[in-house]
There are 2 protein chains.
Amino acid sequence: MSDIPALEALKQALRRLPGVGPKSAQRMAFHLLERDREGARRIAQALSEAVERVIRCRRCNNFSESELCDICSSPRRDGSLLCIVESPSDLISLDQSGVYNGLYFVLMGRLSPLDGIGPEDIGIPRLEALLDEGGVKEVVLATNLTVEGEATAHYIGELVRQRNIKATRIAYGVPIGGELEYTDRMTLARALSGRREA
Amino acid sequence: MSDIPALEALKQALRRLPGVGPKSAQRMAFHLLERDREGARRIAQALSEAVERVIRCRRCNNFSESELCDICSSPRRDGSLLCIVESPSDLISLDQSGVYNGLYFVLMGRLSPLDGIGPEDIGIPRLEALLDEGGVKEVVLATNLTVEGEATAHYIGELVRQRNIKATRIAYGVPIGGELEYTDRMTLARALSGRREA
């Protein structure tokens, strides 16, 4: 197939998608070229537009197309509650549970000293600045129930209590080692309403 | 997340990839936007270039960037042998076996009367024109061993024999290294009825 460099380049590029190996990349490339060239054009356009338009909210760090995201700028949200999550997908999952009406702060990952990922790398200074603005009365720690997620929650919990703000941790039902993104809504609702002081 | 139309559009677009549902599409979109924007740009560019440059070889119907693909224009290939496959990926797999040195013809799928897919839809008229040019002495039928693949092989076999050209079918049986105990009944039946003198 050495005569088709554009096809080879497409297969290579598609392997940058998470969970896509050589076989899947080939299947995707062939599918699009054989049966869905319009789809290929749409994906290309959607990728270019998303890369260009999607930025991070300057307050909560979630994806947004405006400087301040819809959640942060909503007058119906309770600004005294701040929920800390590891990623935008965790935010979506929690928010869809419908139980929580406060604001969020999206970390850029979790603390992982072994990988050299410290507080600065995940945006802790920004979180501290946000807490120092005042107004937040309770911080809900909703990092994943993994070793690193727990350590991150513990670290942030200390920072929160130092400021005389209440720190709580979600609980009940989220299985140990489980990832929030793949937990069902009911379980997430239980975890939110059953939160305890950390 | 209604405030991020470019992100929603990206998730929708990614679902056009085969085997990608809503969860995978979200994971892919978030991964690219959070950690690999350069990858997103590359995929977009590779898709656009592939859609623009990759055409089908006018002789064998395989993907190509020139009117006649490398295989069809190679002087080292045996033009008296023509192998019929259902798709470009089947062509790659067969050609990588290194045993076959003839030419190919790539069908656009397989006959499926129930879905309204007839001979014209899979390129049979082009195949007949190719056979009528003369020069082909043996047609190797390498469609898949499914009901529709078999029907397609049978249909093409008739057309080939009408032109006094030899039609052969690739052998189906127990795969190399396969254990009889774990081989399905249909395959064993084929292996038995297709037995040869040892």
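Here is how names work: the chains are called A, B, and so on, in the same order as the sequence lines, proteins then strands, and each is numbered from 1.
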Any side-chain heavy-atom pair from [X] and [Y] closer than 4.5 angstrom?
X       : Y       : answer
A:Ile43 : B:Arg15 : no
B:Gln26 : A:Ile92 : yes
A:Arg53 : B:Leu7  : no
B:Arg41 : A:Val51 : yes

Among [options], which residue has the highest count of heavy-atom pairs closer than 4.5 Å to chain A?
options                            : answer
B:Cys69, B:Pro18, B:Ala13          : B:Pro18
B:Ala29, B:Ser24, B:Ala46          : B:Ala46
B:Asp95, B:Leu14, B:Leu32, B:Leu17 : B:Leu17

(request) Give, for atom CZ of B:Arg16 and atom NE2 of A:His31, the distance between the pair rounded to the nearest 0.5 Å. (result) 8.0 Å

Structural part of [X] lying under 4.5 Å from a heavy atom of chain A:
X       : value
B:Arg56 : side chain
B:Leu10 : both
B:Gln45 : neither

Looking at every non-hydrogen atom in both residues, tell me the closest pair between [X] and [Y] and how far apart they are.
X       : Y       : value
A:Val20 : B:Met28 : CG2-CE, 3.8 Å
A:Glu34 : B:Pro88 : OE2-CD, 3.4 Å
B:Ile4  : A:Glu65 : C-OE2, 3.4 Å

(request) Mind ranking A:Arg42, A:Glu49, A:Gln12, A:Arg35 by heavy-atom pairs under 4.5 Å with chain B and telling me who comes out on top? (result) A:Arg42

(request) Against chain B, work out which of A:Ala9, A:Ser48, A:Ser89 has the most heavy-atom pairs shorter than 4.5 Å and name it. (result) A:Ser89

(message) Between A:Leu33 and chain B, with a heavy-atom cut-off of 4.5 Å, which part of the residue counts as in contact: side chain, backbone, both or neither?
(response) both

(request) Please say whether more than 12 non-hydrogen atoms of neighbouring residues, nucleotides or ligands are located less than 6.0 Å from NE2 in A:His154. (result) no

(request) Group every Ile, Leu, Val, Met, Phe, Trp and Tyr by side-chain heavy-atom contacts under 4.5 Å, then state whether A:Leu107 and A:Ile55 land in the same group. (result) no

